[in-house]
Amino acid sequence: MVPVLHSISTIILIAEFVLGNLSNGLIVLKNCIDWINKKELSTVDQILIVLAIARISLIWETLIIWIKDQLISSITIEELKIIVFSFILSSHFSLWLATALSIFYLFRIPNCYWQIFLYLKWRINQLIVQMLLGSLVFLVANMIQIAITLEERFYQYGGNTSVNSMETEFSILIEVMLFNMTMFSITPFSLALISFLLLIFSLWNHLQKMPLNSRGDRDPSATAHRNALRILVSFLLLYTMYFLSLLISWVAQKNQSELVHIICMITSLLYPSFHSYILILGNYKLKQTSLWVMRQLGCRMKRQNTPTT
């Protein structure tokens, strides 16, 4: 790669890494402080804490993969297994918790009086817990399948204890990740997509019942619908970009296209980094905290730049 492009891509990756850790760290820190002060935490805040932790882990693992790609010429099989399993673990909880958040919005925001809807709405906390526990079945099956796949791939290299070719190493790594996302991400992604479509229908139905002069920002239900839809549509789009970036990166690795490979890594980091900012903007408490932090930083910078007399 041209040195200038390499430097630019490195700066962008570092910026995404820093911003992703700041946004997710803010979510964890603010909710943990509230948890300590109030001795209780709402369901959505509990989901946000674990989701932010999973995404911080995903961001760090992506950075580790990039560092190994740039600086380390060989890797042992055990190290590759650790990278794959930790990546799959973070990716699993990041996806399923975002899906749980979309289902929470689906049952809490719309005003629907269907009996089955009301039954699930009153038991939304139990529903989310049962869904996350059920997702562990997918995780265990995923881990078993990946372990078998890795052993089969390593057997093709004569049982070597290390992988010396970076092209081979990352081809295996991305291929396993793509297999995971294709086979075990269909269910949570479909649930999030269905929740998004049902929220659109709920908003349309709500607007049809409201008079024209009441459809502005003063309508709290419509505002809540739009806020949830922004969060869901950004999640669906960013996760789709995340999947496509891994797919294109795998093809680029096969064709030895380093520029395309690094662009795909930059694109893949948008999912765990940028979506957290959408979550912050959609949460009044987190939004006010972020504005307070920025005001404090602005005041401190002004004091430092003010000349002393």
Side-chain angles (χ1 to χ4, degrees), residues 47 50-66 68-69 72 74-103 126-194 235 239-240 242-251 253-254 264-265 268 271-272:
I47 295 174
V50 187
L51 176 60
I53 293 173
R55 286 180 171 174
I56 290 174
S57 177
L58 193 60
I59 291 170
W60 275 91
E61 285 151 11
T62 303
L63 180 69
I64 290 172
I65 292 173
W66 179 74
K68 284 184 174 293
D69 189 17
I72 302 176
S74 65
I75 184 173
T76 65
I77 291 176
E78 295 302 321
E79 289 175 341
L80 186 57
K81 284 183 178 180
I82 292 173
I83 292 174
V84 172
F85 286 136
S86 59
F87 187 93
I88 295 304
L89 192 66
S90 301
S91 180
H92 171 89
F93 284 108
S94 178
L95 176 58
W96 275 96
L97 287 164
T99 302
L101 192 63
S102 67
I103 293 175
Q126 296 91 324
L127 177 65
I128 289 177
V129 171
Q130 291 171 7
M131 185 190 72
L132 293 176
L133 290 176
S135 73
L136 297 179
V137 176
F138 289 89
L139 179 61
V140 172
N142 192 5
M143 291 293 192
I144 294 173
Q145 181 61 50
I146 287 174
I148 295 173
T149 303
L150 288 175
E151 291 297 332
E152 290 176 350
R153 293 302 303 270
F154 294 146
Y155 181 76
Q156 297 176 6
Y157 299 101
N160 293 331
T161 58
S162 65
V163 182
N164 295 320
S165 171
M166 293 306 298
E167 178 184 352
T168 300
E169 172 196 335
F170 282 92
S171 176
I172 295 174
L173 184 61
I174 298 176
E175 183 178 337
V176 170
M177 292 174 184
L178 283 172
F179 176 82
N180 156 74
M181 296 176 68
T182 303
M183 296 298 295
F184 296 95
S185 301
I186 295 175
T187 299
F189 187 84
S190 299
L191 290 174
L193 180 60
I194 291 171
F235 162 67
Y239 189 82
T240 302
Y242 178 67
F243 175 80
L244 292 176
S245 65
L246 286 180
L247 177 61
I248 297 172
S249 180
W250 178 60
V251 175
Q253 198 72 39
K254 292 283 188 180
C264 289
M265 291 199 70
S268 66
Y271 161 60

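Fair warning: this is a prediction, and the values are worked out from it, not measured in the lab.
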[X] vs [Y] side-chain heavy atoms within contact, under 4.5 Å:
X: I59; Y: T62; answer: no
X: N142; Y: H92; answer: no
X: F243; Y: F189; answer: no
X: Y242; Y: L95; answer: no
X: Y239; Y: S185; answer: yes
X: F93; Y: L136; answer: yes

Exercise for review: Provide the closest heavy-atom pair for P272 versus S268 in the form atom of the first, atom of the second, distance.
Suggested key: CD-O, 3.3 Å
Study note, to complete from the structure: On a heavy-atom basis, the closest approach of I128 and I47 is CD1-CD1, 3.9 Å
Practice item. Just say parallel, tilted or perpendicular for the rings of Y271 and F235, cut-offs at 30° and 60°. Key: tilted
With rounding to the nearest 0.5 angstrom, report the [atom1] to [atom2] distance, [X] to [Y].
X: M131; Y: T187; atom1: CE; atom2: OG1; value: 11.0 Å
X: I194; Y: T99; atom1: CD1; atom2: OG1; value: 10.5 Å
X: L191; Y: I103; atom1: CG; atom2: CD1; value: 5.0 Å
X: I64; Y: I82; atom1: CD1; atom2: CD1; value: 10.5 Å
X: L97; Y: R55; atom1: CG; atom2: CZ; value: 9.0 Å
X: I186; Y: L193; atom1: CD1; atom2: CG; value: 12.5 Å

Where the side chain of [X] meets the backbone of [Y], is there a donor-acceptor pair that is under 3.5 Å apart?
X: S135; Y: L132; answer: yes
X: S90; Y: F87; answer: no
X: S94; Y: S91; answer: no

